[in-house]
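Every heavy atom of this structure was used, including side-chain atoms; hydrogens, water molecules and symmetry mates were not. Letters go in sequence order (proteins before strands), and every chain restarts at 1.
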4 protein chains.
Amino acid sequence: MAGKLRSVVIGATGLAGQQFIAALRDHPSIEVAAVAASPRSAGKSYADALRTDNGMQAWFVPEPLPAAVASMKVMGTGDIRPRDFDLAFSAVEADVAREVEPALAKEIPVISAASAFRYDDDVPLLIPPVNADHAPLVHEMQRRRGIKGFIAPVPNCTTTGLAITLAPLEQAFGVQAVVMTSLQAVSGAGRSPGVIALDILDNVIPYIHKEEGKVEVETKKILGTLQRSPVAIQPHAAKISCTCTRVAVLEGHTESVFVSLRKKASPAEVAAAMREWKGAEVARALPSSPPRWIEVLDDPFRPQPRLDRDTHGGMATTVGRLREDGVLENGIKYVLVSHNTKMGAAKGAILVAEQLRAQGIF
Amino acid sequence: MAGKLRSVVIGATGLAGQQFIAALRDHPSIEVAAVAASPRSAGKSYADALRTDNGMQAWFVPEPLPAAVASMKVMGTGDIRPRDFDLAFSAVEADVAREVEPALAKEIPVISAASAFRYDDDVPLLIPPVNADHAPLVHEMQRRRGIKGFIAPVPNCTTTGLAITLAPLEQAFGVQAVVMTSLQAVSGAGRSPGVIALDILDNVIPYIHKEEGKVEVETKKILGTLQRSPVAIQPHAAKISCTCTRVAVLEGHTESVFVSLRKKASPAEVAAAMREWKGAEVARALPSSPPRWIEVLDDPFRPQPRLDRDTHGGMATTVGRLREDGVLENGIKYVLVSHNTKMGAAKGAILVAEQLRAQGIF
Amino acid sequence: MAGKLRSVVIGATGLAGQQFIAALRDHPSIEVAAVAASPRSAGKSYADALRTDNGMQAWFVPEPLPAAVASMKVMGTGDIRPRDFDLAFSAVEADVAREVEPALAKEIPVISAASAFRYDDDVPLLIPPVNADHAPLVHEMQRRRGIKGFIAPVPNCTTTGLAITLAPLEQAFGVQAVVMTSLQAVSGAGRSPGVIALDILDNVIPYIHKEEGKVEVETKKILGTLQRSPVAIQPHAAKISCTCTRVAVLEGHTESVFVSLRKKASPAEVAAAMREWKGAEVARALPSSPPRWIEVLDDPFRPQPRLDRDTHGGMATTVGRLREDGVLENGIKYVLVSHNTKMGAAKGAILVAEQLRAQGIF
Amino acid sequence: MAGKLRSVVIGATGLAGQQFIAALRDHPSIEVAAVAASPRSAGKSYADALRTDNGMQAWFVPEPLPAAVASMKVMGTGDIRPRDFDLAFSAVEADVAREVEPALAKEIPVISAASAFRYDDDVPLLIPPVNADHAPLVHEMQRRRGIKGFIAPVPNCTTTGLAITLAPLEQAFGVQAVVMTSLQAVSGAGRSPGVIALDILDNVIPYIHKEEGKVEVETKKILGTLQRSPVAIQPHAAKISCTCTRVAVLEGHTESVFVSLRKKASPAEVAAAMREWKGAEVARALPSSPPRWIEVLDDPFRPQPRLDRDTHGGMATTVGRLREDGVLENGIKYVLVSHNTKMGAAKGAILVAEQLRAQGIF
């Protein structure tokens, strides 16, 4: 294992933390060196911390719990000595993140799935193929905050697939406006308490608290431009309007997207732009990069979350139903599926770490 | 029962036919005088026709099978003598409708859930509160086709809720354009074969064959204007663009709607317009009319199909999440739920019969 | 309202409490005079206590929230003066019940959905048609505990349907042993946290904590005999063995039952015994009594929870698939469906109150 | 590919046929040399035969369609010249199997997922680890029917997991009687028409046509003994009684099993017997054999179909909740999960082919 980056996973016992541990299981260059969680778990072995009073082993991801992690002693989040690690992955809730992440970032990079710092002016919101060039903003963060590390959050899981599909459109045709309705999987809500079965069986919930605002603001930040002076991200000018709903799907967010392009393009031209899009150079051959970021499907019944969410290990966004839209100026419409807990969460965060390392940012 | 209109239900053994029979069970002014189906069922009692080889009683609606209908002898569709009846309700597939409905319409009104004649120039597409004034078009149909009866189809179930919510907006503010994504219930696909569980559990299907075109064309026809000479419906000029999906919901279509109004209106003004809308005079006190056509809900988690589909017996459309939209000109957005097999099918067709009777059209 | 019994509902804001409120909405002889809940809710109007931070009205039963209850000020559970009421309905968790119910029972009857006192020697476990004759045990409870009121818990929701179907078998043929596998609805777990969607979509959970023991002990107590001296219930001698599972069903427990009878009976004889069973005399015409306690269905595809749970307002148990069993001595097997949150919870508890009142116990 | 056995898959376009094709994709010793289907598909490429009128590519298994098969021209089932192949895999319906399989079996082995010949006296019903020693019965079949090939059907998918878990119990303790309730996945019903969503969402169907009889007869045949003269299988003497239900699960049958052993054994002893069971020698290292046939889980919440069906590629049966049962003599009870379309269908059939080849039967 010599030579691997030593990471600490914080919030390790929750669903998002488990996804980090599963995703790092066979990672070529990053290892889980320690796990941290709330005081309730601290001091127990990780396997014991997952055991509930009624005997259940609360390991919720399909991949097996790595034996090396199972036997690790869980640290209290406050007891982490950041210098013992090369980086931290954060899977804590936003309110905990607000306290813990800055403390770690004094010394080391913190790649975070939490929303706490996404909207700060000096914090980039990275999707490696889309805006790897925003990464230098972390130097501004280090300067302003007087820290050696930094915080690099990943976007909301609903933003990710949308931003990825808009990137080639922006590049080829320009994006003026976006109308989007999401049909989101229950895993996006985690497990504490998550979506309860009584609410979602034979049902749709037409509201996800704060989600629409996140998607609108984050997408514009991600598609925005890093300015030199002052060093800051100028958000993209596109207008974005969303309605976010929850459906009875386990994993994989589906989004029905209507886009107004700056110049007219046929569905075939849009499909070609998506298929040919390679994304940022630095992101093309990272350990977690899929062979293609977007797969465009011709079968009109695709993409479907159950059938398509795991495309390229959950790292690709699948697109289908590309058609002309008659309402928006130069309108096109499509449906996308994006894996909300892989590319949209832990695996996406690991990809960000890989990118920042490849860029020499840490 | 003297004095009730005598109806024959064709396609009586299928799911849609059963919905007609259930809805007419205690109807004050229309009775089921006969049931007709394919030759396979003809000659059996209705109850026997529903019994499958493996012993199942294939009655699929929650209301009990009325005893009087259970014991009726099923007629072959071709054996109906239209003069024996005052009207027919048609629940057959489009291809069967194309043959059977014109034969019956020579003599009697045919109120139909099939799509076969919806798009003909001389055929109105009625939603009583919205466009009862289109009904006189049936006289043109009678003139052109030399028939004594007529065919009055109801719209596609996905169109119904959309058109009902657009009607008060058109009246108060004008409608320029509509972007809609539907999350449709499996009952909309019927049972032969319907949506199979293997396709929809833990999944979304992003395509419903021909549905989007139907919604776009029908909505414009319903919101259109009946011209005098030549007698014809001038479709509404609004641009409409849809993506229709299927979700794991039994009954009740959910639609995420974005509307461009002709003049600016706040969400509160839009809510007021919907709440105060009474619809066409003639439709206000029909036997199947609900107390209000639209219920606007303030709880941001509503409407939900399971909780709201049965509002006012499935005859009301529920609306929630009314917000400003920043993409479309004078944009507003909302979510609606409409009961696809009640107001959107059999009960909606019965309401059309009630309207036409009240108007003296038959 | 003069003359109605005045009840206080404790645990009123939870799902079970809401079911009590809904079930008492139009009750002819019992009214909701007050609602009590935890200190967090105390002092608010009931409607306000149900409103969550994100704007949701957390009223979870399909029946509308009665206006009279909506405006009631919620009492703290500790602030109830029992003499202000004729009886209490308890919908609190077992640990809270252990403190609150005895305090109220000093003065008034407490009809409880909690398990806290079900297994005490001086506490009857009542299903009115099955063991109304156990009711006098409450006098022993009053004597032993020196209280004026009493506690009358209803059984676990999984026990109820089983015990009801065993009662006519016991009476007609004798019951030796029972093997049962349940397929339980998610509503049985309530909402805090209840069953989360991530666990049950596309899945079965083969374990419900402590459930099997409850069913085995409770069924024997309910089918047992009230002895005179000492006053106590002699449990029934039947052997009972269960496996309890959770399935993706909203309401209605399904149970696959195999019974060894004391004397041989054909499926037709068993069906007749169930159909003809009238239950205890006192329970036959209570306000909440259904026309029949058990409906036996001939269609081999029934009973199904979605189609049959609401039979007679959720107060009847439906039985189907009656067949001979070749393993157990004089074996028969069947499937039952019982509404776990109606007859199996709040409405069943109200039925117990009606019975005890009719018996003059209070 | 030289040296691989050349197989023809019949019924290749249906779900079961696709499962054969997917399972043989990377098989070390058997290749798909041809695909056959009904006349409607014959003459088209396999990929074209899967394309529906509305543009869907009707390939329903998660594994990708192998390119070599996609381009194969589909044969009409009647046009197969058996001598062109080393064996046939049959995925046709029982009625088609009754005609097609004997024709092929004149020349070559036919390994079949159909039920048509399972109950014939001269036909073994093989689960390799359980009853590989029944295989020589095919020589009797060849003798009696005057054929060079033979038919080897696999059991019903619900039988497979049950028989596998009973095998070590029979060996260690003896099996007297079995009471079983199944909770079966919808994939067991295939797609034509399969289980429709309207029937299973928020529901349980308590009946699967003919399933219980199959499980009872097949289990006794599989656990039976091959007699020498006359050559025939003497069914096992155990009494078996089942109730088979359908639940809203995609893949993986769950079974709640109660067993009466011939001699008393504790749950720990039963667990040990299952864990240590290696099955028939010949089946231990076949290409499709899992490392263990049974995995016994200690977590009381397992096995769950979604989490455990894919254990060892869907070839292992998972068992949990091992407890004493107080009703049956020497009773124990447990829950099992078995993958109904892998070990319970196509992959199980391929395993049978591997076994028969290893035994030199063909």
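Top candidate by heavy-atom pairs under 4.5 Å with chain D, chosen from C:Q176, C:E216, C:R309, C:E251, is C:R309. Of the listed residues (C:L307, C:N203, C:V249, C:T181), the one with the most heavy-atom contacts under 4.5 Å to chain D is C:N203. The most heavy-atom pairs under 4.5 Å with chain D, out of C:A185, C:G252, C:A177, C:P303, come from C:P303. Ranked by heavy-atom pairs shorter than 4.5 Å toward chain C, the options D:R306, D:K239, D:K333 are led by D:R306. Heavy-atom pairs under 4.5 Å with chain D peak, among C:L328, C:V186, C:V337, C:L201, at C:L201.
The contact between C:V178 and chain D is made entirely by backbone atoms, counting heavy-atom distances below 4.5 Å. In this structure, the portion of C:F258 lying under 4.5 Å from any heavy atom of chain D is its side chain and not its backbone. Of the atoms belonging to D:S260, not a single heavy atom falls under 4.5 Å from chain C. The contact between C:V204 and chain D is made by backbone and side chain atoms together, counting heavy-atom distances below 4.5 Å. Of the atoms belonging to C:T254, it is side-chain heavy atoms, and not backbone ones, that fall under 4.5 Å from chain D. For chain C, the nearby part of D:E212 is the side chain; its heavy atoms alone come within less than 4.5 Å.
Other residues, nucleotides and ligands contribute at most 12 non-hydrogen atoms within 6.0 Å of the CD atom of D:E93.
A salt bridge does not link C:R246 with C:D199: none of the charged nitrogens is closer than 4.0 Å to a carboxylate oxygen. In summary, D:E295 and D:R302 do not engage in a salt bridge, as defined by a charged side-chain N under 4.0 Å from a carboxylate O. Under the 4.0 Å criterion applied to side-chain N and carboxylate O atoms, D:E324 and D:K264 are assigned as salt-bridge partners.
Between C:A23 and C:K347 the shortest heavy-atom distance is CB-CG, 3.6 Å. The shortest non-hydrogen separation linking D:M274 to D:T165 is CE-O, 3.8 Å. D:T245 and C:L183 get closest at one heavy-atom pair: OG1-CD2, 3.7 Å.
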Test D:N156 against D:E211 for side-chain contact (heavy atoms from CB on, under 4.5 Å), laying out the working first. CA-CA 8 Å; D:N156 179 286; D:E211 191 84 352; 3.0 Å; yes
